[in-house]
Structure formats: C-alpha cells, structure tokens
Amino acid sequence: MFQNTGKLIFDSVEDKTSAKGNPYRIVHIIDPLDYQRLEYFADNDLKVNCVKGEECTLVLKATRQGYSTNMTALAVNKK
C-alpha cells in the first residue's frame, strides 16, 4: 500500500457505469501544490472519512496489469 506525504484535498467520489453495464467508482483528488486534479479507480471497499474540500491522506493499492501498474484507491482519510 502507498500513502501520500504531500498536501492533497478531497473533492468527490463519482459512481459511473461502463459501456458494458458494469458499475465502478472514481475518486477525485486535488493537488494544490502542482495545480492538478487526480483521478483513481476506487476499490469495492473504499472508505471515505472526510468531506469535500478537506485536506486528506490517500491510501492506494498497486496491482500489476500486463506491463503496467494500476493504482486503486483503498481509503481517503482526514489528515
């Protein structure tokens, strides 16, 4: 598992449906230092313990898929 050390701000969790009809979730995070919006696929057991606009700690899980590494959000905790 990986955990951020810099400043991140929680934005939202979005529920979506794939073209094949499968549900999935996206976690939206804001990086105010690099002026970036980050998006991660959410784990089925995602735990969110903060509200929109709060500084947070993001916990990610790395998994191998072919020749690339995917990062999946496991938890978003209040810092």
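Predicted model, so just to flag it, every value in this text is computed and none were measured. We number each residue from 1, following the sequence as shown.
- The line from CD of Glu14 to OH of Tyr24 is 7.5 Å long, rounded to the nearest 0.5 Å.
- Alongside Ile29, the hydrophobic cluster contains Phe2, Leu8, Phe10, Val13, Val27, Leu38, Tyr40, Leu46, Val48, Leu58, Leu60, Met71, Val76 (criterion: ILVMFWY side chains under 4.5 Å).
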| query | Please walk me through it: do Lys47 and Leu74 pass side-chain contact (heavy atoms from CB on, under 4.5 Å)? | reply | CA-CA 7 Å; Lys47 293 174 181 46; Leu74 292 177; over 6 Å; no

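- Inter-residue side-chain proximity for Pro32 and Lys7 is flagged as met; some heavy-atom pair is nearer than 4.5 Å.
- A heavy-atom distance below 4.5 Å is found between the side chains of Lys20 and Ser18.
- One N or O on the side chain of Asp31 and one on the backbone of Leu33 form a donor-acceptor pair closer than 3.5 Å.
- Proximity of a side-chain donor or acceptor of Arg64 to a complementary backbone N or O of Gly66 within less than 3.5 Å is detected.
- Looking at heavy atoms from C-beta onward, Ser12 lies in side-chain contact with His28 at the 4.5 angstrom threshold.
- Here the straight-line distance linking atom OG1 of Thr57 with atom CG of Asn77 works out to 6.5 Å at 0.5 Å rounding.
- Just one of Asn44, Asp15, Asp43 meets the side-chain hydrogen bond (donor to acceptor under 3.5 Å, both in side chains) condition when paired with Arg25; it is Asp15.
- Remark: Lys79 NZ to Asn49 CG distance equals 15.0 Å, nearest 0.5 Å.
- For the atom pair CG (Asn4) and CD (Glu55), the distance works out to 8.5 Å, reported to the nearest 0.5 Å.
- Glu54 places none of its side-chain heavy atoms less than 4.5 Å from the side chain of Ile9.
- We find the CD-CG distance between Gln65 and Asn70 to be 4.5 Å, quoted to the nearest 0.5 Å.
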